[in-house]
Amino acid sequence: GNSVISIGSSDARLQVNLKVECASEALATELVTKLQGATEMLRKMLERENMKPNPRDLSGILVAGVFHREGNRVVGGWPMARDFIEALASGSVD
C-alpha cells in the first residue's frame, strides 16, 4: 500500500497527518495496534525516567499521536504545539 504524510493546521496548531493504505482491514488493524503500542511505550519510558513529554521537543509530539482505522486505511496524527514550531524556527529544538 502507499502512505502519505502531510502537515495541516487545526485551531492555530499544526498537525502532522499520516494516511496509510493497507492491503486489508486486518493489516490496518495490526498497524494501528503497533502505532498505539509504540506511542504507549514511549509514554511509559518517559514516566520511568520521571520525564514529562516536552512540547518543545519530539517527545511531546510523539506521545500525543492518535491513530484509528477507516476500512483498510490507517489515519493518524501528531499535533505540534506552537512551542515546538517556534523552537524549530529558532533552531533550538532539543
Side-chain angles (χ1 to χ4, degrees):
N2 64 0
S3 56
V4 177
I5 293 180
S6 61
I7 296 182
S9 62
S10 66
D11 307 333
R13 299 178 74 160
L14 283 178
Q15 173 150 321
V16 178
N17 299 306
L18 172 73
K19 279 201 177 96
V20 183
E21 293 279 347
C22 297
S24 68
E25 289 191 5
L27 285 170
T29 298
E30 196 177 307
L31 180 57
V32 167
T33 302
K34 282 182 178 163
L35 288 165
Q36 288 171 336
T39 302
E40 191 56 32
M41 195 169 74
L42 176 62
R43 190 178 290 123
K44 287 197 166 99
M45 201 172 76
L46 288 169
E47 279 172 14
R48 254 203 321 272
E49 302 292 326
N50 289 321
M51 293 167 66
K52 290 223 179 315
N54 183 347
R56 289 183 69 84
D57 73 24
L58 242 95
S59 69
I61 291 169
L62 294 176
V63 298
V66 178
F67 314 96
H68 65 277
R69 181 179 67 77
E70 294 175 0
N72 67 339
R73 179 182 295 147
V74 173
V75 180
W78 296 268
M80 294 173 114
R82 188 163 292 285
D83 283 357
F84 179 78
I85 310 294
E86 286 166 2
L88 195 62
S90 69
S92 65
V93 169
D94 299 335

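- Linking ILVMFWY residues whenever their side-chain heavy atoms come closer than 4.5 Å, directly or via other members, places I61 and L88 in the same cluster.
- When all heavy atoms are compared, the tightest approach of N17 to G8 is ND2-N, 3.7 Å.
- You'll find the side chain of L58 reaches within 4.5 Å of the side chain of F84, heavy atoms only.
- To the nearest 0.5 angstrom, S3 atom OG is 12.0 Å from K19 atom NZ.
- With a 6.0 Å radius and a threshold of 12 heavy atoms from other residues, nucleotides or ligands, R73 has its CZ atom at or below the threshold.
- Under the 4.5 Å side-chain heavy-atom criterion for Ile, Leu, Val, Met, Phe, Trp and Tyr, I5 and L62 are members of the same hydrophobic cluster.
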Solution key, residues 45-52 side-chain donor-acceptor pairs under 3.5 Å, sequence neighbours excluded:
none

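- Taking both residues in full, the closest heavy atoms of P79 and A64 are given as CD-O, 3.5 Å, listed atom of the first, atom of the second, then distance.
- Atom-to-atom distance recorded for K34:NZ and L27:CG is 8.5 Å, nearest 0.5 angstrom.
- Here the shortest heavy-atom pairing between Q15 and G77 reads NE2-CA, 3.6 Å.
- The line from CD of E70 to CD of E21 is 10.0 Å long, rounded to the nearest 0.5 Å.
- No donor-acceptor pair closer than 3.5 Å links the side chain of N54 to the backbone N or O of G60.
- Between T29 atom OG1 and N72 atom CG the span is 10.0 Å, to the nearest 0.5 Å.
- Heavy-atom minimum distance, G71 versus A28: O-CB, 4.0 Å.
- In the hydrophobic cluster analysis, where Ile, Leu, Val, Met, Phe, Trp and Tyr join through side-chain heavy atoms closer than 4.5 angstrom, V74 is grouped together with I7.
- Checking V4, L31, L35, V75 one by one against L18, the side chain to side chain contact (heavy atoms under 4.5 Å, CB included) holds for a single residue, L35.
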